[in-house]
Protein chains: 2
Amino acid sequence: MKITMAAEYAVRCVLYLAKHGQDVLVSRQEIAERTLTPGKFLAKIAQDLAKAGILTIKQGAKGGYRLRRDPKDVNMLVVVEAIIGEISLNECTVRPSTCPSSLDCSANLIWQRARQQVRETLRQATFADLARQGSCCVPAFPPPLHASEQIP
Amino acid sequence: MKITMAAEYAVRCVLYLAKHGQDVLVSRQEIAERTLTPGKFLAKIAQDLAKAGILTIKQGAKGGYRLRRDPKDVNMLVVVEAIIGEISLNECTVRPSTCPSSLDCSANLIWQRARQQVRETLRQATFADLARQGSCCVPAFPPPLHASEQIP
DNA sequence: ATAAATAGGATTTTTTTTATCCTATTTATC
DNA sequence: GATAAATAGGATAAAAAAAATCCTATTTAT
């Protein structure tokens, strides 16, 4: 399984929201522009994030997204797996039937180990931490827009 | 970047060879059958492995492949990267230009860390170790064929 | 009621992966 | 040297996955 662009966009989106705080509503358009994500594509991604309980979507005029949980309770693993499903490095570890392997395959064991490490590292990265430090969305991005400065 | 089937086939191939010892010649056909790899596809993979100095190809009648190095000097990272290029988890870490990131992006840092761990884990897995233990190609596979038993 | 915004399903485009086809070349053996 | 057995290597096709967009419907502030 691959870490797709959709997963990267998801991380950017949640990070952007985290920088604004838990309950601040941000329009899809703003997020899309600031994170360099195609707007309609972001809509798809947000739906998955909403299903996973990570953000809430407000429809209608002045709609947008807002983080549902405290950024310290959201980590990269949760966000990424909300989009691409459980991370696995290769087919071998996912569908043993595609492999001539017995259950105790030494190569398989290595793949599993690597997979665990990736998942653990992502799990430890909370968005509270990420938002505190420099990040993808800042300072390359300008500071959050105020209502008076909304892009038309 | 994804760990493709080609990379998995490569690992199986080298593991199969490692089980036979450094300088034993094994036909492509035999490897393909025993590792459940499409024959022509294995040819492509073997060419990459040969370019990477991992095995040698003997053409012509009674041709085949043989491990070029001692199995203890070949590891999964080298084999996998010979096929798919340097492992990276996501675009973000590979092409910073696709990302609105500054150089010190905290999310990027996490991706890099995860990537390092995967690469290190694969690097530590030598084929001497893998061949010693149960593995993909044994015992699900029957023991190595002897000349007298060659598949026609 | 209207306009602004997102939802959600269908579809398209693009890219990547997987695999095969075909001709050429190499090598053992007779 | 001729022949048959193997693999090489480039081109191409088929399949799958990813990225993105289109279109209509629905929701909500004003």
Side-chain angles (χ1 to χ4, degrees), chain A residues 1-13 17 25-33 35-51 55-66 80 83-85 87-92 94-95 98-99 145 147 150-152, chain B residues 1-10 12-13 17 25-33 35-51 55-66 80 83-85 87-92 94-95 98-99 147 150-152:
Chain A
M1 181 164 301
K2 192 185 165 189
I3 309 290
T4 61
M5 284 310 296
E8 266 192 55
Y9 292 145
V11 169
R12 292 184 199 172
C13 170
L17 289 173
L25 185 78
V26 184
S27 77
R28 189 188 76 187
Q29 242 188 24
E30 178 182 334
I31 301 173
E33 284 170 9
T35 61
L36 301 187
T37 302
K40 294 297 177 71
F41 199 24
L42 178 55
K44 286 287 145 55
I45 291 164
Q47 285 165 34
D48 286 340
L49 293 174
K51 267 178 213 148
L55 50 76
T56 17
I57 298 174
K58 189 188 176 197
Q59 276 183 266
K62 309 252 172 185
Y65 308 139
R66 79 182 82 205
V80 168
I83 306 299
I84 64 172
I87 289 177
S88 67
L89 298 184
N90 57 351
E91 280 302 298
C92 191
V94 178
R95 284 191 282 160
T98 63
C99 181
L145 295 176
Q150 287 296 335
I151 292 166
Chain B
M1 181 162 299
K2 192 185 163 189
I3 308 289
T4 61
M5 283 309 298
E8 268 194 52
Y9 292 145
R12 292 185 199 171
C13 170
L17 288 173
L25 185 78
V26 184
S27 76
R28 189 189 74 188
Q29 243 189 19
E30 177 182 334
I31 300 173
E33 284 171 10
T35 62
L36 302 187
T37 303
K40 294 297 178 68
F41 199 24
L42 179 55
K44 287 287 146 54
I45 292 165
Q47 284 165 35
D48 286 341
L49 292 174
K51 269 178 210 146
L55 51 76
T56 18
I57 297 174
K58 190 190 175 196
Q59 278 184 265
K62 310 254 171 180
Y65 307 139
R66 79 181 83 204
V80 168
I83 306 300
I84 64 173
I87 287 177
S88 67
L89 298 184
N90 57 351
E91 280 302 299
C92 192
V94 179
R95 283 191 282 159
T98 63
C99 181
Q150 288 295 334
I151 292 165

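Reckoned from all heavy atoms, side chains included, excluding hydrogens, waters and symmetry mates. Residue numbers start from 1 in every chain, and the chains themselves are labelled A, B, ... in the order their sequence lines are given, proteins ahead of strands.
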Side chains of B/N90 and A/V11 in contact at under 4.5 Å (non-hydrogen atoms):
no

Where A/C13 and A/T35 come nearest, the two heavy atoms and their spacing
N-CG2, 4.4 Å

Report yes if the side chains of B/Y9 and B/P38 come closer than 4.5 Å at any heavy-atom pair, otherwise no.
yes

By nearest heavy atom, map A/A7 and A/Q59 onto DNA chain D; which one lands nearer the 5' end?
A/A7

Side chain A/R66, main chain A/T56, donor-acceptor under 3.5 Å:
no

Given D/dA17, is OP1 or OP2 found less than 4.0 Å from the side-chain N or O atoms of A/T4?
no

Take the protein atom CZ of B/R28 and the nucleotide atom P of D/dG9, then report the distance between them rounded to whole Å.
12 Å

Heavy atoms only, 4.0 Å cut-off, all strands: where does A/K44 land among base, sugar-phosphate and nothing?
base

Considering only D/dA29, C/dA7, D/dA19, which nucleotide approaches the side chain of A/A6 most closely?
D/dA19

In the structure shown, which nucleotide is the Watson-Crick or G-U wobble counterpart of C/dA1, with both distances under 3.5 Å?
D/dT30

For D/dT7, the Watson-Crick or wobble counterpart (both distances under 3.5 Å):
C/dA24

Quickly work out the A/M5 CE to D/dA20 P distance and round it to whole Å.
7 Å

Tell me the closest heavy-atom pair linking A/I45 and A/A10, and the distance in Å.
CG2-CB, 3.7 Å

Hey, which sits more toward the 5' end of DNA chain C by its nearest nucleotide, A/K2 or B/P38?
A/K2

Calculate the interatomic distance between B/I84 atom CD1 and C/dT16 atom C1'; express it in whole Å.
13 Å

Distance, rounded to the nearest Å, where B/N90 contributes CG and D/dA19 contributes C1'
16 Å

On the nucleotide C/dA19, are OP1 or OP2 found under 4.0 Å from the side-chain N or O atoms that B/Y9 carries?
yes

Between atom NZ in B/K40 and atom C1' in C/dT17, what is the gap in whole Å?
18 Å

On DNA chain D, nearest-nucleotide positions of A/A61 versus A/F41: which is more 5'?
A/F41

Is there a side-chain polar atom (N or O) of A/Q47 under 4.0 Å from OP1 or OP2 of C/dG8?
yes

Rounded to the Å, how far apart are A/L36 CG and D/dA19 P?
15 Å

Let me know the distance between CG of B/L49 and P of D/dA8, rounded to the nearest Å.
11 Å

From CG of A/L25 across to C1' of C/dA5 the rounded distance in Å is 11 Å

Quick check: closest heavy atoms across A/L42 and A/A32, and the distance to 0.1 Å?
CD2-N, 3.6 Å

Which part of the nucleic acid, if any, lies within contact of A/K62, taking any heavy atom under 4.0 Å across all strands shown: a base, the sugar-phosphate backbone alone, or nothing?
sugar-phosphate

Picking from D/dA8, D/dA20, C/dA7, the nucleotide nearest the side-chain atoms of A/A43 would be C/dA7

Under 4.0 Å from OP1 or OP2 of C/dA28: is there any side-chain N or O of B/K58 that close?
yes

